[in-house]
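Order of the sequence lines sets the chain letters (A, B, ...), proteins ahead of strands, with each chain counted from 1.
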Amino acid sequence: GENVEQHPSTLSVQEGDSAVIKCTYSDSASNYFPWYKQELGKGPQLIIDIRSNVGEKKDQRIAVTLNKTAKHFSLHITETQPEDSAVYFCAAIGDKLIFGTGTRLQVFP
Amino acid sequence: NAGVTQTPKFRILKIGQSMTLQCTQDMNHNYMYWYRQDPGMGLKLIYYSVGAGITDKGEVPNGYNVSRSTTEDFPLRLELAAPSQTSVYFCASSYHSMGNRGSETQYFGPGTRLLVL
């Protein structure tokens, strides 16, 4: 079946460094790719999204890139801060909504 | 707006008991969804609804039932609780459906943690 692979499952970085999380999807019909941040004990919150007609999108310290040919999309966080520590989920939406398995990001002061 | 609210926050059930997880949204969204999230895993869609009176199965519907009598409410029913249903349940809503042009952004509730013993 269709799936979304997400790597790495855990990521530890020093405050101020960059973090990159990568996802690969299999459904060619996918055309919308949101990223969610989930803090402990809370529901996922949308942080950025990208559509299939766009290659890159940036919002302050967060950026997402999309390579439709390779079916890859990535989340980039620059100048990480301790409050960026959370679990991040990618998702691919076409006829179905499929979530990745999540990346636990820890930012150490 | 309160957004998406869920009750209860936490519940312990015995095997074979039944319960209803409540979900309400005040954003006038037409689409609503129920997900379960197992430890270390992503979200899996249980059921969804495209509007009042219309529901459909998601990826993992067995053991669950839903109803959508109003735009605001989308309760999830467990009839005979099993240990495999121990999970965190999230309700979400969106204005447009997945794949349609427009806002597919889903807004999630805070979750209900369910433990079946």
Rounded to the nearest 0.5 Å, what separates atom CG in N30(B) from atom OG in S94(B)? 7.0 Å

Testing F89(A), F99(A), Y25(A) for ring pair (Phe, Tyr, Trp, His ring centres under 6.0 Å) with F33(A), which one passes? Y25(A)

For residues V87(A) and W35(A): do they belong to one hydrophobic cluster (side chain heavy atoms under 4.5 Å, members Ile, Leu, Val, Met, Phe, Trp, Tyr)? no

Do the side-chain N and O atoms of T78(A) and R61(A) include a donor-acceptor pair separated by under 3.5 angstrom? no

Is it true that the side chains of T24(B) and D73(B) contain a donor and an acceptor less than 3.5 Å apart? yes

Can you find a heavy atom in the side chain of V4(B) that is under 4.5 Å from one in the side chain of C23(B)? yes

Only heavy atoms, only distances under 4.5 angstrom. Which residues in residues 41-50 of chain A are near chain B? G41(A), K42(A), G43(A), P44(A), Q45(A), L46(A), D49(A)

Is the number of heavy atoms from other residues, nucleotides or ligands under 6.0 Å of Q14(A) CD greater than 12? yes

Under 3.5 Å, is there a donor-acceptor pair between the K71(A) and S28(A) side chains? yes

For chain A, find its close neighbours in residues 109-117 of chain B: heavy-atom separation under 4.5 Å, sorted by number, or none. G109(B), P110(B)

Reported OH-to-CD distance for the pair Y107(B) and Q25(B), which is rounded to 0.5 angstrom: 11.5 Å

Does any part of the side chain of V13(A), heavy atoms only, come nearer than 4.5 Å to the side chain of I77(A), both counted from C-beta? no

Only pairs of heavy atoms separated by less than 4.5 Å count here; which of K44(B), E59(B), Q6(B), Q37(B) has the most with chain A? Q37(B)

